Amino acid sequence: MSGPADTERMIEALLYAAAEPLDTADLAARLPHGADIEAALKALSARYAGAGVELACVAGRWRFQTAADLAFLMTKEREDPRRLSRAAQETLAIIAYHQPVTRADIESVRGVQASRGTLDTLLELGMVRMRGRRRSPGRPVTYGTTDAFLEHYGLAGLGDLPGAGEMRAAGLLDLDFPADFAAPDPTHTLEDEDPLEDDDAPQFHQDFLGVEDGAHRGS
Amino acid sequence: MSGPADTERMIEALLYAAAEPLDTADLAARLPHGADIEAALKALSARYAGAGVELACVAGRWRFQTAADLAFLMTKEREDPRRLSRAAQETLAIIAYHQPVTRADIESVRGVQASRGTLDTLLELGMVRMRGRRRSPGRPVTYGTTDAFLEHYGLAGLGDLPGAGEMRAAGLLDLDFPADFAAPDPTHTLEDEDPLEDDDAPQFHQDFLGVEDGAHRGS
Amino acid sequence: MNALFHPPADFEAATAAALDDEALIVDLDGYEGPLDVLLALARRQKVDLLKLSVTRLAEQYLAFVRQARTRCFALAADYLVMAAWLAYLKSRLLLPRSGPAAGPEPDAGEVAARLAFRLAKLDAVRQAAEALKARPVLGRDVFTRGDPQAVRIVSHRRLEGDLYALMSAYVGQKKRERDRCYRPAPAQSYPLDDARERLRELLPDLAGWTSLAAVAPAQRDSGPRRASLLASTLSASLEMVREGDLEARQIDHFAEIWLRARKVAA
């Protein structure tokens with residue numbers, strides 16, 4: 001019974017009733033088998049183009065949202081968004097465009113020590129997450145953005161970050177400063193982080209444990 | 001600047017974003033003066049006719065609702081837990097950092113009795129597994145994390161779990177925390193752990209009952 | 001790269017640049033470190049940051065630092081380190097290049113170019129931050145469905161929680177564990193002065209023998225415990241016995257204590 005038009009209607013209803021953006025797999029799980037979801041999304045998107053409510057793809061998932069130009073009407077709905085400080089705003093941009101980045105990377109781009117509170121705020125807001133560790137001495141933790149970040153700014157993916165292409169082309173997203181780059185970097189002289197040892201052997205956890213156990217190799 | 005089409009769009013956005021159905025007076029209060037609301041509602045209603053979402057008037061108030069014939073889509077509620085309860089989150093954290101741990105260990109850190117459901121949830125989600133048995137009276141089962149856990153948190157290995165340094169950097173350790181606070185090393189293998197035997201697997205809770213029957217001869 | 005070299009020494013121009021009103025009004029509070037100052041100065045040159053005159057920038061920065069120091073003596077070390085480095089870089093840039101580079105130091109022009117690049121990078125990030133802010137933001141510009149009752153479908157496939165949540169959960173418990181061990185709630189005590197004042201007020205009603213338990217105030221939900229109320233009342237009553245206002249009597253060890261106002265000798 002389900003032709004393309006039906007699929008379109010069903011997706012429309014599902015997205016309307018959804019508490020959060022749904023991806024194609026979410027939709028597929030609820031639609032009759034074999035429905036052409038991509039095509040239906042396309043048709044739906046076209047149908048809603050220019051309407052007061054639009055279909056948007058954020059973080060690879062779909063949602064309906066009110067048209068941005070009608071924001072002035074929504075005085076009642078507007079939440080008081082927690083305003084980010086300039087430092088937090090910049091830190092977020094660095095993490096978004098350069099990810100994965102370490103705290104030291106952020107400091108090196110900004111030229112100042114990351115003040116306590118900036119990164120925490122972003123972590124707490126769920127805009128930023130820890131991604132992993134860099135394979136470099138000290139194995140520093142790297143940070144990246146979350147889906148909540150993409151949803152907040154209405155981005156379909158990291159590829160949609162404004163101006164990212166130009167920045168990359170200009171080499172402005174490279175993190176490695178040449179080894180002989182000698183500009184003084186205050187962030188490096190004021191290090192209050194863990195005592196990282198320059199030992200680059202793969203000794204996990206040395207950084208915070210301070211106890212080297214030879215035992216776990218044997219067992 | 002607002003023609004009939006604009007009014008239609010505005011009403012569409014307002015009804016979509018409103019927390020409850022709106023009547024024409026509500027709409028009039030929020031729309032530019034002089035907008036022909038009746039006509040716009042009519043046009044909107046016609047536009048949405050037959051779509052997956054419909055404009056409905058209930059007791060003089062307007063709202064969008066999913067088409068009645070698609071109600072069957074809305075009934076499917078899956079019950080996978082997707083937000084870990086605080087207890088589960090905390091239990092998982094203890095297992096991650098202190099593994100291998102027994103249930104008694106978890107309780108001693110949490111200060112409350114581990115509810116049976118919490119550990120079961122984590123086991124079912126595949127975040128946690130039984131690792132072995134501790135060589136101590138009662139031979140309690142020890143728990144550890146799984147590969148799925150690592151995958152979920154984007155960790156290459158247990159050695160990549162953030163340590164005290166990162167906790168401090170993330171602002172989680174306040175100043176009155178002991179300076180020598182260190183997160184334990186989860187890669188550390190205790191020697192007093194025996195591997196699980198085949199018949200251990202399904203008996204999740206046996207260990208706590210203290211009914212060790214000497215069937216396990218492996219010292 | 002040679003374009004980045006300035007023509008040889010022109011100290012008069014340097015002095016002029018330092019003195020003319022192009023120099024920024026010093027407001028250290030507004031800046032986040034030396035790089036921030038440098039970027040602000042560089043933007044005033046109104047050229048592509050990569051084609052920046054680093055010599056001129058260095059002069060402006062040094063003027064900035066000089067001016068800052070006349071106002072607040074304790075300029076942060078970062079600013080001074082940067083000043084020293086820029087002074088050195090400037091002097092090397094101004095020196096005519098004589099043959100192959102002496103020593104292991106990198107070419108001054110190259111170093112200057114990298115400084116310019118670093119500023120360009122910071123600038124790019126600033127612009128990116130602005131661009132992000134200008135996007136339609138959820139909850140400010142665009143809105144999702146507002147009716148919570150209408151919302152029925154939930155995506156179940158993602159398990160929430162990231163490392164930060166895991167760490168928070170761990171630290172939260174460690175905190176509670178610590179608090180559990182080391183922080184018994186201090187007991188509140190009933191102040192002696194209060195007890196005395198209260199007894200004095202009660203004196204007229206104590207014509208007959210009354211038990212201490214009845215005299216002591218009743219325990220409330222919050223505030224001192226019964227034991228403290230009794231103890232303070234007893235202490236206060238003993239003082240008043242000494243002062244001759246009250247009589248106390250106890251029939252036997254551990255027996256009830258009785259209090260009575262002493263009759264004033266007429």
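What you see is a predicted model; the values in this text were computed from it and never measured. Just so we're on the same page: letters track the sequence lines, and every chain starts at 1.
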Item to check | Part of A:Gln65 within contact of chain B (heavy atom distance under 4.5 Å) | outcome: backbone

Next on the checklist: Between B:Ala67, B:Ala51, B:Ala17, who has the most heavy-atom pairs with chain A when the cutoff is under 4.5 Å?
Outcome noted: B:Ala51

Next on the checklist: Taking side chain as everything from C-beta outward and backbone as N, CA, C, O, which of these in A:Tyr143 sits under 4.5 Å from a heavy atom of chain B? Side chain, backbone, both or neither.
Outcome noted: neither

Checklist entry - Which bit of B:Leu14 comes within less than 4.5 Å of chain A, counting heavy atoms only: side chain, backbone, both or neither? => result both

Item to check | Salt-bridge contact B:Lys42-B:Glu38 (side-chain N to carboxylate O under 4.0 Å) | outcome: no

Checklist entry - Contact part of A:Leu123 toward chain B, heavy-atom cut-off under 4.5 Å: side chain, backbone, both or neither? => result side chain

Checklist entry - Is there a donor-acceptor pair closer than 3.5 Å between any side-chain N or O of B:Thr145 and the backbone N or O of B:Ala96? => result no

Checklist entry - Of the options B:Leu27, B:Asp36, B:Leu31, B:Leu41, which is the one that meets B:Thr7 in a side-chain contact (heavy atoms from CB on, under 4.5 Å)? => result B:Leu31

Checklist entry - When the ring planes of B:Tyr16 and A:Phe64 are compared, do they come out parallel, tilted or perpendicular, using 30° and 60° as the limits? => result perpendicular

Item to check | Basic-acidic side-chain contact under 4.0 Å: A:Arg61, A:Glu151 | outcome: yes

Next on the checklist: Report which part of A:Arg129 has an atom under 4.5 Å of a heavy atom belonging to chain B: side chain, backbone, both, or neither.
Outcome noted: neither

Item to check | Interchain contact, B:Ala5 with chain A, by part (heavy-atom threshold 4.5 Å) | outcome: neither

Checklist entry - Taking every heavy-atom pair that is under 4.5 Å apart, which of B:Gly50, B:Gly157, B:Gly52, B:Ala18 has the most such pairs with chain A? => result B:Gly52

Checklist entry - Does a side-chain heavy-atom distance below 4.5 Å link B:Arg103 with B:Glu107? => result yes

